[in-house]
Amino acid sequence: MPHLLKTSLITTIALCAASAASAHEDHCDTVATSVAEAGFGDSVTVTCDDTHAFISSDTYPDHDVMTGIVGTNEQVPVPAEYAAPIILFTTMGSTPITRDAALGVAVNGVPIYDYTAGGEMSQADLAHHQAQHDTLQTQQLDVCGGHAGRGDDYHYHAKPTCMIDQMANAGDDAIIGWAFDGFPIYGDNNPDGTQVAEGDLDICNGQSDDTFGYRYHTSAEAPYIVQCLMGEVPDIDALPRVRPLEVSTGGGVEAGRPPQGGVDDLVFTQDENGARSMDYTYKGEDYYIRYTPSDKDGCYNFTTKTVTNNGEVQSSELCR
């Protein structure tokens with residue numbers, strides 16, 4: 001009997017190991033396929049280790065950015081190398097996880113934040129609409145659902161409409177992104193094309209899923225996109241953040257401050273050589289932030305005239 005028990009145990013362990021390996025490979029392939037089928041394989045890479053799939057990009061999307069923002073923080077999007085870790089073995093948690101940084105990543109490699117811009121939400125905040133910090137209602141987002149944060153990094157706070165329009169496989173059954181707890185993100189409707197019924201989405205904007213166990217959605221009403229994580233993330237404090245720009249000679253860069261009441265006619269332009277310019281007016285005066293790649297890798301030559309700096313024209317070389 002002991003011999004039979006030992007044999008049975010070995011067989012069980014072997015079957016569990018095979019099942020785990022299969023789950024690892026399947027989820028890794030699914031993440032990679034979601035990027036490839038969306039048509040972003042040329043600008044986004046997916047690699048996997050034993051525990052995570054990493055969606056890597058420069059976080060700079062190939063669609064219009066920044067144009068249309070009124071509540072600007074006088075920051076501009078600058079490419080930033082970023083590897084978003086997606087857990088391969090998902091486990092539902094008991095308490096929603098919040099974070100004052102990205103909660104996931106879109107299939108084009110752009111990080112996804114919650115809808116607010118007021119710091120990390122408390123558990124109590126999740127249950128109530130944070131109108132004063134709502135990036136959409138306060139006109140902090142561009143026409144594509146994103147903006148540049150204090151690290152001059154572009155990210156989404158709402159449904160990434162321009163990215164979805166670009167997707168080769170656009171449709172209700174297409175995965176538009178992945179949360180860091182390993183669960184997929186879909187658009188406003190269920191994958192089968194039916195509407196998400198009122199009350200079906202939980203506090204994090206997700207619901208159960210027959211394939212993945214759980215899934216997130218975008219929505220027309222707040223919270224618009226992933227608000228928190230329902231799955232376990234053991235290394236939540238180790239999740240990546242985009243490195244802010246620094247002066248090439250050393251030292252950090254002061255974050256821009258939102259001009260009171262917002263700006264007018266903000267337009268972002270760029271050319272094929274990497275020259276980029278954000279131009280806008282405030283109380284009838286013209287302001288701008290402009291940069292071009294410098295001779296140093298990861299560095300850019302900036303010329304700015306901002307409300308934050310009282311209209312003083314400044315030049316500097318800034319690096320990641």
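For clarity, every value in this text was computed on a predicted model and none was experimentally measured. Along the sequence shown, the residues carry numbers beginning at 1.
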S.K.: Decide yes or no for Asp114 and Thr98: does some side-chain heavy atom of the first lie under 4.5 Å from some side-chain heavy atom of the second?
M.R.: no
S.K.: Evaluate the criterion ring-ring contact (aromatic ring centres under 6.0 Å, His included) for residue pair His27 and Phe183; output intermediate values, then yes/no.
M.R.: CA-CA 10 Å; His27 206 50; Phe183 294 113; 8.0 Å; no
S.K.: Classify the angle between the aromatic ring planes of Tyr154 and Tyr156 as parallel (below 30°), tilted (30 to 60°) or perpendicular (above 60°).
M.R.: perpendicular
S.K.: Distance only, no hydrogens: is a donor on one side chain within 3.5 Å (strictly under) of an acceptor on the other, for Tyr216 and Asp202?
M.R.: no
S.K.: At what distance, to the nearest 0.5 angstrom, does OH of Tyr287 lie from OH of Tyr280?
M.R.: 8.5 Å
S.K.: Testing the basics here: between Thr308 and Ala255, what is the closest heavy-atom pair and its distance to 0.1 Å?
M.R.: CG2-O, 4.3 Å
S.K.: Give, for atom OG1 of Thr218 and atom OH of Tyr186, the distance between the pair rounded to the nearest 0.5 Å.
M.R.: 12.5 Å
S.K.: Which residue pairs pass the disulfide bond (SG atoms under 2.5 Å apart) test with at least one member in residues 100-170, sequence neighbours excluded?
M.R.: Cys144-Cys162
S.K.: Working note: Glu81 + Arg320, criterion salt bridge (Lys or Arg N to Asp or Glu O under 4.0 Å); need CA distance, chi angles, decisive distance, verdict.
M.R.: CA-CA 9 Å; Glu81 295 302 317; Arg320 282 292 179 194; over 6 Å; no
S.K.: What distance separates Gln75 CD from Arg257 CZ, expressed to the nearest 0.5 Å?
M.R.: 11.0 Å
S.K.: Strictly by modelled atom types, are Asn205 and Gln227 linked by a side-chain donor-acceptor pair under 3.5 Å?
M.R.: no
S.K.: Do Lys305 and Tyr288 form a cation-pi contact, if we require the NZ or CZ to be under 6.0 Å from the six-membered ring centre and within 45 degrees of the ring's axis?
M.R.: no
S.K.: Taking atom types as modelled, find out whether Asp134 and Tyr224 have a side-chain donor-acceptor pair closer than 3.5 angstrom.
M.R.: yes
S.K.: Got a second to check how far Asp172's CG is from Ile176's CD1, nearest 0.5 Å?
M.R.: 11.0 Å
S.K.: Classify the side-chain pair Thr91/Glu232 by whether it contains a donor and acceptor separated by less than 3.5 Å.
M.R.: no
S.K.: Is it the case that over 12 heavy atoms from other parts of the model lie below 6.0 angstrom from the CG atom of Asp42?
M.R.: no
S.K.: Have Thr116 and Gln130 got a donor and an acceptor in their side chains that come within less than 3.5 Å?
M.R.: no
S.K.: Roughly how far apart are Leu141 CG and Ile69 CD1, rounded to 0.5 Å?
M.R.: 7.0 Å
S.K.: Does any pair with a residue in residues 191-267 pass disulfide bond (SG atoms under 2.5 Å apart), and if so which ones, sequence neighbours excluded?
M.R.: Cys204-Cys228
S.K.: Going from CD1 on Ile175 to CE on Met167, what distance comes out if it is rounded to the nearest 0.5 angstrom?
M.R.: 9.0 Å
S.K.: Counting only heavy atoms not in Glu198, do more than 12 sit closer than 6.0 Å to its CD atom?
M.R.: no
S.K.: Restricting to non-hydrogen atoms, name the atom on Asn189 and the atom on His217 that form the minimum distance, rounded to 0.1 Å.
M.R.: O-CE1, 3.1 Å
S.K.: Check whether more than 12 heavy atoms from other residues, nucleotides or ligands sit under 6.0 Å from atom CG of Asp297, and answer yes or no.
M.R.: no
S.K.: Look at the side chain of Arg99 and the backbone N and O of Met121, then say whether any donor-acceptor pair between them is shorter than 3.5 Å.
M.R.: no
S.K.: Would you call Ile225 and Ile112 a side-chain contact if the rule is heavy atoms closer than 4.5 Å?
M.R.: yes
S.K.: Are Gln270 and Tyr60 linked by a side-chain donor-acceptor pair shorter than 3.5 Å?
M.R.: yes
S.K.: State whether the number of non-hydrogen atoms from other residues, nucleotides or ligands found under 6.0 Å of Glu221 atom CD is greater than 12.
M.R.: no
S.K.: Is it the case that more than 12 heavy atoms not belonging to Asp235 sit under 6.0 Å from its CG atom?
M.R.: yes
S.K.: Once the angle between the rings of Tyr113 and His157 is folded into 0 to 90°, is it parallel (under 30°), tilted (30 to 60°) or perpendicular (over 60°)?
M.R.: tilted
S.K.: Does a donor on one side chain and an acceptor on the other come within less than 3.5 Å for Gln207 and Asn190?
M.R.: yes
